[in-house]
Amino acid sequence: AQSVTQLGSHVSVSEGALVLLRCNYSSSVPPYLFWYVQYPNQGLQLLLKYTTGATLVKGINGFEAEFKKSETSFHLTKPSAHMSDAAEYFCAVRTGGGNKLTFGGGTRVLVKP
Amino acid sequence: EAGVAQSPRYKIIEKRQSVAFWCNPISGHATLYWYQQILGQGPKLLIQFQNNGVVDDSQLPKDRFSAERLKGVDSTLKIQPAKLEDSAVYLCASSFNPMAGQETQYFGPGTRLLVL
């Protein structure tokens, strides 16, 4: 069965500092991987996705993630945090042909001025 | 392009009462999903529709939860009777056609349910 582990339920960064959110997955088939962001009282918004091809994926709002098959990881980074990046971030893996998503537990990001 | 619409946004009920949530997906999206997001956790898929047929309902508590998408467009999710542990945000999502590689799911704002 597929699963997703996000290390750290809370991350605190200073404005302008690097944001690094960790995601490890398990999958019995080549994975499709996603990062979503959720702002308070809102639904989830897609940041980026990996399906096939280039392993470094660029998304919206300056975020990017790198698929590393050998490490079964898909960590999310942003070089310089902005106050507007304060939100909860979810990593997800697509499971099977039915397009079911299995989500990690989420990481809440706090940005300090 | 209009996004996924959900109503109501908030609902408070007492245990053993019934409640229904409504979702209207993005126009033209064949696939519709209902997720349950308990506080502090990631969303969990309850049921997936392809047009008006069920693709996956393996995690739907069928003794109390039901869902339908009769005309292949909008959908309702019902809980009857509700339990305290059903307190959560219920998210609806849609995608164009995952079978053709259009797999990105677009999420609505959710319905926040509190069972007292």
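Naming: A, B, ... by sequence-line order, numbering from 1 per chain.
Contact residues of residues 101-113 of chain A toward chain B are A:L101, A:F103, A:G104, A:G105 (heavy-atom distance under 4.5 Å). Near-neighbour residues of residues 108-116 of chain B relative to chain A, defined by a heavy atom under 4.5 Å from a heavy atom of that chain, comprise B:G108, B:P109, B:R112.
Interatomic distance, A:N61 CG to A:Q45 CD, rounded to the nearest 0.5 Å: 6.5 Å. Taking CG of B:L45 as the reference point, atom CD of B:Q59 lies at 6.5 Å (rounded to 0.5 Å). Separation of atoms CG (B:L60) and NZ (B:K44) is listed at 9.0 Å; rounding is to 0.5 Å.
Heavy atoms of A:Q38 lying under 4.5 Å from chain B belong exclusively to its side chain. Of the two parts of A:L46, only the side chain, counted from C-beta on, holds a non-hydrogen atom closer than 4.5 Å to a non-hydrogen atom of chain B. If you measure heavy-atom distances from B:Q6 to chain A, you find no contacts under 4.5 Å at all.
Of the options A:V11, A:T77, A:V13, a side-chain contact (heavy atoms from CB on, under 4.5 Å) to A:L21 is made by A:V11 and by none of the others.
Below 30°, between 30° and 60°, or above 60°: for B:W34 and B:F21 the angle between ring planes is between 30° and 60°, a tilted geometry.
Summarising the geometry of B:S94 relative to B:V4, their closest heavy-atom pair is OG-CG2, 3.6 Å, with the distance given to 0.1 Å. The shortest heavy-atom contact between A:H75 and A:R22 is ND1-CA, 3.2 Å.
Heavy-atom pairs under 4.5 Å with chain A peak, among B:C92, B:G42, B:G40, B:A93, at B:G42.
When atom types are taken as modelled, the side chain of A:R94 and the backbone of A:T51 share no donor-acceptor pair closer than 3.5 angstrom.
A:Y36 is not connected to A:L48 by any chain of hydrophobic side-chain contacts under 4.5 Å among Ile, Leu, Val, Met, Phe, Trp and Tyr, and they are in different clusters.
Using modelled atom types and a 3.5 Å distance limit, the side chains of B:Y33 and A:N99 yield a donor-acceptor pair.
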(Q) Working note: A:W35 + A:F63, criterion side-chain contact (heavy atoms from CB on, under 4.5 Å); need CA distance, chi angles, decisive distance, verdict. (A) CA-CA 10 Å; A:W35 274 101; A:F63 285 93; over 6 Å; no
